[in-house]
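Just so it is clear, the values below take in all heavy atoms, side chains as well, and ignore hydrogens, waters and symmetry mates.
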Amino acid sequence: MVVDLIVIATAITLGPLHNSGFILLLASRRGVRKGLVFLLSWLANLVAVVACVVLLTGGTPPLHHSTPSTAAVAGKLAIGVGLVLFGGYRLRRPPRPHRPPSWTARVDNASLGTAAALAWLLQPWALVGAGAATVVDADLSSLSDWLALTGYCLLATLSLLVMELYTVWAPGVAQARLHALRTWLEHHQDQLIVTIALLGGIWLTASSIFTLVS
């Protein structure tokens, strides 16, 4: 479970879409406040998903090869296969000229509520779903599993946390460097999405198949 959570959380935190959106928020009026609201909403979404799974399982992992356990692994396998197919489709699709989403033009005047909603909209829900399917195996009587779940949520939020703190501590330097990072992310967005989808999908597929046949 721990390795799967690390892989999933790393794929989540490296996603280009939410990182680009977050940088835009930081560069807007009251950017630090909007960034903090976005970050907290993002983290709250992850914690809420984990909490729902733990409530359903009662904090006790189902028996190996039981119906709930098999269903969770099958769900993770489906997500993995879907990511591979999506990555393959994006890889074969002819490149298109980059056009920023229409909402980016309204970020400067966005409210704190809008910033919170953006965190929900930009969350990579397929990967979050894979994380939820993995959390099914968490045993809350074990301290190590508590630490694994906490680490998963924090790692999936790490890129946002680093950018938020960087902007607070060194606002002038941070704005210039984060702008350069956003430009790079926008120019390499398709490649990043394909890479994350393929690598994450292959890992989830292989891990799920191994669990089903072991």
Side-chain angles (χ1 to χ4, degrees), residues 5-51 83 87 90 98-132 147-200 203:
L5 288 179
I6 291 174
V7 171
I8 294 168
T10 301
I12 291 174
T13 203
L14 293 178
L17 296 178
H18 69 271
N19 283 318
S20 293
F22 188 71
I23 293 171
L24 278 174
L25 278 177
L26 289 176
S28 67
R29 288 195 295 270
R30 297 189 301 162
V32 172
R33 290 185 183 180
K34 293 177 187 176
L36 180 59
V37 170
F38 184 103
L39 189 158
L40 292 176
S41 177
W42 176 278
L43 183 59
N45 291 337
L46 293 170
V47 172
V49 170
V50 170
L83 287 172
R90 290 291 294 257
H98 173 71
R99 290 177 183 159
S102 58
W103 59 265
T104 59
R106 299 190 292 271
V107 164
D108 199 46
N109 297 317
S111 65
L112 297 180
T114 301
L118 274 177
W120 191 87
L121 291 172
L122 294 177
Q123 201 125 38
W125 287 106
L127 291 169
V128 173
L147 293 175
L149 295 179
T150 302
Y152 162 72
C153 293
L154 292 177
L155 179 56
T157 314
L158 183 61
S159 62
L160 304 178
L161 182 59
V162 169
M163 288 188 286
E164 177 75 14
L165 292 176
Y166 190 24
T167 303
V168 171
W169 290 336
V173 177
Q175 288 297 336
R177 292 185 177 177
L178 290 179
H179 175 74
L181 175 60
R182 183 172 68 85
T183 301
W184 185 88
L185 287 172
E186 289 178 348
H187 283 88
H188 296 83
Q189 179 174 293
D190 286 342
Q191 296 96 314
L192 289 169
I193 291 174
V194 168
T195 301
I196 291 172
L198 288 178
L199 292 180
W203 175 270

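Atom NE2 of His179 has 12 or fewer heavy atoms from other residues, nucleotides or ligands within 6.0 Å. Heavy atoms of other residues, nucleotides or ligands lying less than 6.0 angstrom from CZ of Arg90 number more than 12. By the 6.0 Å contact criterion, CH2 on Trp120 is open, its count of non-hydrogen atoms from other residues, nucleotides or ligands being 12 or less.
For the pair Leu181 and Leu185, the minimum side-chain heavy-atom distance is below 4.5 Å. Using a 4.5 Å heavy-atom threshold, the side chains of Leu178 and Phe22 count as separate. At a threshold of 4.5 Å between non-hydrogen side-chain atoms, the residues Leu199 and Val7 do not count as touching. When side chains are defined from C-beta on, Leu161 does not count as touching Leu43, because their heavy atoms never get closer than 4.5 Å. Using a 4.5 Å cut-off on side-chain heavy atoms (C-beta onward), Leu83 and Trp203 make no contact. Counting heavy atoms from C-beta outward, Pro16 and Ile193 have side chains that approach closer than 4.5 Å.
Side-chain atoms of Thr167 do not come within 3.5 Å of backbone N or O of Ala174 as any donor-acceptor pair. Between the side chain of Thr13 and the backbone N or O of Ala9 there is no donor-acceptor pair closer than 3.5 Å. Looking only at distances, a side-chain donor or acceptor of Ser28 sits under 3.5 Å from a matching main-chain atom of Leu25. At least one donor-acceptor pair under 3.5 Å links the side chain of Gln175 to the backbone N or O of Leu26. Listed for the Ser159 side chain is no donor-acceptor partner under 3.5 Å among the backbone atoms of Leu14. A distance-only check finds a donor-acceptor pair linking the side chain of Trp42 to the backbone of Ala156 [under 3.5 Å].
Interatomic distance, Arg177 CZ to Ile23 CD1, rounded to the nearest 0.5 Å: 13.5 Å. For the atom pair CG (Leu24) and CG (Asn19), the distance works out to 11.5 Å, reported to the nearest 0.5 Å. A distance of 5.5 Å separates CD of Glu164 from CG of Leu36, quoted to the nearest 0.5 Å. Taken to the nearest 0.5 Å, the OG1 atom of Thr150 stands 12.5 Å off from the CG atom of Leu155. Taking CG of Leu121 as the start and CG of Leu17 as the end, the distance is 12.0 Å to the nearest 0.5 Å. Expressed to the nearest 0.5 Å, how far CG of Leu149 lies from CG of Leu5 amounts to 6.5 Å.
When all heavy atoms of Trp125 and Val49 are compared, the pair lying nearest together is CZ3-CG2, 4.1 Å. Between Ser41 and Ala116, the shortest heavy-atom contact is OG-O, 2.9 Å.
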Apply the test side-chain contact (heavy atoms from CB on, under 4.5 Å) to residues Leu39 and Met163: give CA-CA distance (whole Å), side-chain angles for both, the deciding distance (0.1 Å), then the verdict.
CA-CA 10 Å; Leu39 189 158; Met163 288 188 286; over 6 Å; no
Under the side-chain contact (heavy atoms from CB on, under 4.5 Å) criterion, do Leu46 and Tyr152 qualify, and how do the steps go?
CA-CA 9 Å; Leu46 293 170; Tyr152 162 72; 4.2 Å; yes
